[in-house]
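The block underneath contains the structure these notes are about, expressed in structure tokens.
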Amino acid sequence: MARASFCLPLALAYLFLASVVPSYAQNEETDQPELLYDVRANFTLRCELPNDNSLAYVWTKNDTNVVDIWDLKDRYKLEHGGAEFIVPRSVEDDFGNYTCGLSGTEAVQRWAVRGRAFTKLPANTNVVEGQKLKLQCKVVGKPYPRVVWTFSNASEGENASDVRALLGERVTLRRSAQGVEDGELLLDAVLRSDAGLYSCAAPVGAAGAANVATTTLRVKDMYAALWPFLGICAEVFVLCAIILVYEKRRTKPDLDDSDTDNHDQKKS
Ligand SMILES: *[C@@H]1O[C@H](CO)[C@@H](O)[C@H](O)[C@H]1NC(C)=O
Ligand SMILES: *[C@@H]1O[C@H](CO)[C@@H](O)[C@H](O)[C@H]1NC(C)=O
Ligand SMILES: *[C@@H]1O[C@H](CO)[C@@H](O)[C@H](O)[C@H]1NC(C)=O
Ligand SMILES: *[C@@H]1O[C@H](CO)[C@@H](O)[C@H](O)[C@H]1NC(C)=O
Ligand SMILES: *[C@@H]1O[C@H](CO)[C@@H](O)[C@H](O)[C@H]1NC(C)=O
């Protein structure tokens with residue numbers, strides 16, 4: 001008696017859950033686990049829908065059956081009777097919303113797939129004092145996140161802070177040609193004190209881990225660029241002077257020579 005009264009609520013709870021869970025998975029957009037993949041590496045989606053009747057698996061990306069997606073043609077394989085969707089060599093545009101379902105049934109399993117974002121900057125950047133600076137933070141991994149810039153004037157990158165906090169109004173961040181929000185950093189007239197380490201970071205996932213790329217900015221003295229130019233000017237000037245003097249000296253005796261030559265010829 002005591003046993004039955006204990007089992008009945010459990011059984012009811014089980015039935016309740018069994019009837020509620022599939023419809024929950026089917027209707028709620030929030031029930032969409034995220035899958036982060038590394039661009040160019042492989043990724044695998046495993047369909048866990050119960051499939052006792054050996055129904056055919058149906059895979060979609062962005063609500064389109066994967067067999068109809070030209071971009072995925074010959075780039076994915078299905079294993080375990082279709083329960084596993086594998087992309088052996090992924091590309092940036094593989095990000096999107098994926099589902100698996102069973103042919104003729106309503107249940108679906110969802111994934112939000114996106115590429116892990118990696119940032120890139122050149123190791124070194126040189127600019128002449130007073131000139132414009134333009135830094136491009138390149139990103140691999142879609143959808144592109146908004147990147148965050150930090151600056152440190154110390155050689156080891158100590159005490160790095162947000163660029164806007166340190167350089168204030170002088171710095172402009174804007175969307176890069178690649179389409180990365182804040183991907184381009186601009187400074188109108190570089191000061192010598194702007195030299196240092198510039199980093200752009202892409203926050204990855206909820207874990208808060210970030211991928212960071214850093215460039216070392218060297219600011220050259222204005223005259224450092226001017227001196228070689230003046231040197232070349234001076235060289236050209238001296239060369240012209242030498243040529244002029246030489247030509248002047250040459251042309252006079254030349255005329256005399258030809259004159260005397262002519263005289264000589266007439267004489268002979
Ligand atoms: C997928 O990539 C992982 C490393 O990221 C590797 O260990 C694994 O062997 C790869 N699987 C296939 C099927 O290529
Ligand atoms: C679907 O995936 C593509 C990438 O292949 C992406 O550009 C697009 O924004 C996604 N979403 C929709 C609704 O098309
Ligand atoms: C995936 O679906 C969510 C809503 O469920 C939508 O906001 C998002 O734009 C979709 N992503 C893609 C790449 O289509
Ligand atoms: C670096 O910046 C700090 C202020 O943020 C300043 O006090 C310090 O002098 C600077 N160091 C150099 C080498 O410019
Ligand atoms: C970094 O900041 C600390 C205090 O905030 C200071 O003691 C230290 O000298 C700074 N380092 C550099 C390299 O500026």
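Atoms within a ligand are numbered from 1 in the order they appear, just like the ligands themselves. These figures come from a predicted structure and were not determined experimentally.
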**OP:** Can you sort out which atoms of ligand 3 are near N97, meaning under 4.0 Å from one of its heavy atoms?
**Re:** 1 (C), 2 (O), 3 (C), 8 (C), 10 (C), 11 (N), 12 (C), 14 (O)

Original post:
Does a donor on one side chain sit under 3.5 Å from an acceptor on the other, for T60 and N65?
Top reply: no

Original post:
E181 and Y144: side-chain donor and acceptor closer than 3.5 Å?
Top reply: no

Subject >> Under-4.0 Å protein heavy-atom contact, atom 14 (O) of ligand 1 >> reply: yes

Original post:
Can you find a protein heavy atom under 4.0 Å from atom 4 (C) of ligand 1?
Top reply: no

Original post:
Tell me: protein heavy atom nearest atom 2 (O) of ligand 1, and distance?
Top reply: N42 ND2, 2.3 Å

**OP:** In plain terms, say whether E34 and R114 are close enough for a salt bridge, that is, a side-chain N and a carboxylate O under 4.0 Å apart.
**Re:** yes

**OP:** Return yes when G96 approaches ligand 3 closer than 4.0 angstrom through a heavy atom, no otherwise.
**Re:** yes

Subject >> Pair F85 and W59, ring centroids less than 6.0 Å apart >> reply: yes

Subject >> Verify atom 11 (N) of ligand 1: protein non-hydrogen atom under 4.0 angstrom away >> reply: yes

Original post:
In chain order, what residues pass the salt bridge (Lys or Arg N to Asp or Glu O under 4.0 Å) check against D162, with sequence neighbours excluded?
Top reply: none

